Amino acid sequence: MPYFDAASSAPLHPVARQALQASLDEGWADPARLYREGRRARMLLDAAREAAADAVGCRADELVFTSSGTRAVHSGIAGALAGRRRAGRHLIVSAVEHSSVLHSAAAHEAAGGEVTEVPVDRSGAVDPRAYAAALREDTALACLQSANHEVGTEQPVAEVAVACRAAGVPLLVDAAQSLPWGPVDGDWSVLTGSAHKWGGPAGVGLLVVRKGVRFAAQGPADERESGRAAGFENIPAVVAAAASLRAVRAEAAAEGARLRELTERIRARVPALVPDVEVVGDPVRRLPHLVTFSCLYVDGETLLHELDRAGFSVSSGSSCTSSTLTPSHVLKAMGVLSEGNVRISLPLGTEAAEVERFLDVLPGAVAGVREKLGAPVATETRTEGASLVVDALGKRCPLPVIELAKVIGNVPVGGTVTVLADDEAARLDIPAWCQMREHEYVGERPADRGSAYVVRRLS
């Protein structure tokens with residue numbers, strides 16, 4: 001069964017499995033002890049740290065292992081903010097950061113700090129000038145991911161790092177998605193990573209703090225991992241994580257080029273095979289293995305189930321796959337269609353034949369979901385009046401958009417359709433539909449329940 005969700009968690013790399021099994025017999029003792037077993041464990045831990053530091057591009061004494069990538073982010077942000085509390089309590093993040101960064105930002109704000117969220121363009125990238133403009137005298141820390149986890153867009157880390165360095169502000173980079181493909185460019189100050197994103201075991205994260213960066217680890221003191229990651233080190237998992245990172249890096253150039261060709265194939269052929277599809281994310285500055293697209297008039301959860309039944313494991317940022325029924329914060333920040341969202345992230349070794357079979361299956365899966373939802377096959381052309389009101393209250397994505405599409409042809413060119421909806425996704429998906437179908441999105445106004453979204457027919 002083809003697994004196309006490596007951005008969530010990559011399959012365990014064969015080198016990681018070998019290293020894990022081998023180190024279980026040698027790395028079980030306390031590396032802080034001086035007897036033979038402890039010295040063996042310490043040698044394994046030190047070698048793993050050297051290998052990971054070499055892959056990251058830092059000194060070994062700047063890198064510590066944490067219990068997860070999320071823990072690395074939380075500890076990195078908290079420690080960097082605490083280390084610069086005299087400078088101020090202003091934190092900068094991008095609008096498309098991983099939830100671990102945004103949760104840390106929310107906690108900082110709840111504790112009395114200030115947070116500025118830098119917007120992104122429709123491709124999901126920040127403008128370095130906008131990021132530089134957000135820097136203030138009281139800015140304690142800036143955060144920017146190296147590449148986005150939902151759409152694959154690479155961020156201009158090097159350019160932002162220049163602006164941060166000029167302002168004397170440390171830059172924390174969440175590099176979880178990009179570390180398998182190469183070191184992060186730029187003069188960053190703090191970096192985090194997560195082993196299960198590159199085929200290492202879950203439960204291992206990396207936290208790198210450059211020499212000279214003010215950093216005050218939070219929580220009770222612990223003598224392990226330079227005081228920055230409390231608890232007994234899981235040495236077998238750490239060894240496997242470092243070994244797999246080194247292994248995927250050795251394959252990165254060749255495998256990255258091969259997977260990029262496959263994702264380019266998906267980007268080009270999906271819009272040709274499936275009508276009313278928007279491919280999102282930067283087409284050039286992106287991770288080689290990841291491609292995301294959104295389908296109009298499709299329930300994302302239903303589509304994922306259909307693809308699963310066809311033998312494909314994929315992910316989605318669609319609001320329909322979330323228990324909160326709110327759109328992905330990444331897609332929302334980009335202003336792109338959220339309904340029927342599909343993320344393909346190919347693991348190492350994915351065969352071209354698997355991608356071809358996916359492309360064969362997808363059109364039928366989408367058509368089947370649209371048929372179940374009663375999606376319009378073609379725009380109607382009859383005219384009933386200059387304006388119509390569609391009551392979609394209580395209906396979830398993508399039904400408000402489907403109802404809009406069914407009646408837009410019932411008003412003359414220049415006429416309007418007002419959609420009443422109380423689904424948060426409508427705020428994003430109705431404007432996105434207008435852009436895709438070349439109609440004018442007039443705007444939103446409050447209604448007795450939910451909101452009223454006004455669309456003007458242009459053709």
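This is a predicted model, so every value here is computed, not measured.
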Task: Partners meeting side-chain contact (heavy atoms from CB on, under 4.5 Å) with A367 (sequence neighbours left out) - done: none

- [ ] Check ring pair (Phe, Tyr, Trp, His ring centres under 6.0 Å) between Y3 and all other residues, then give those that pass, not counting sequence neighbours.
- [x] none

Task: Atom pair CZ/CZ of R267 and R260 - distance to nearest 0.5 Å - done: 9.5 Å

Open item on the list: Test of understanding: with ring pair (Phe, Tyr, Trp, His ring centres under 6.0 Å), list the residues that count as partners of H196, not counting sequence neighbours.
Closed with: none

- [ ] State the CG-CD1 distance between L273 and I266, to the nearest 0.5 angstrom.
- [x] 11.0 Å

Task: Under 3.5 Å side-chain donor-acceptor pair for E150 and S328 - done: yes

Open item on the list: If the condition is salt bridge (Lys or Arg N to Asp or Glu O under 4.0 Å), which residues does E440 pass it with, not counting sequence neighbours?
Closed with: R456

Task: Whether R445 side chain and V454 backbone form a donor-acceptor pair below 3.5 Å - done: no

- [ ] Find the distance between NE2 (H74) and OG (S100) and round it off to the nearest 0.5 Å.
- [x] 5.5 Å

Task: Considering all heavy atoms, the nearest A82-A216 contact - done: CB-O, 3.8 Å

Task: Whether over 12 other heavy atoms sit under 6.0 Å from R122 CZ - done: yes

- [ ] Measure across D276 and Y297 and return the closest heavy-atom pair with its distance rounded to 0.1 Å.
- [x] OD2-CE1, 3.7 Å

Task: Within 6.0 angstrom of R214 CZ, more than 12 heavy atoms from elsewhere - done: no

TODO: Check side-chain contact (heavy atoms from CB on, under 4.5 Å) between S178 and all other residues, then give those that pass, not counting sequence neighbours.
DONE: S146, A147, A175, V184, L287

Open item on the list: Less than 3.5 Å apart, any donor N or O on the side chain of T153 or N148 sitting next to an acceptor on the other?
Closed with: no

Task: Summary of side-chain hydrogen bond (donor to acceptor under 3.5 Å, both in side chains) pairs that have at least one residue in residues 249-258, sequence neighbours excluded - done: H13-E251, E255-R258

- [ ] May I ask you to check whether S451 and E444 show a side-chain donor-acceptor distance below 3.5 Å?
- [x] yes

Task: Between S123 and R286: side-chain donor-acceptor atoms closer than 3.5 Å - done: no

- [ ] State plainly whether the residues D187 and R210 are in salt-bridge range, i.e. N to O under 4.0 Å.
- [x] no

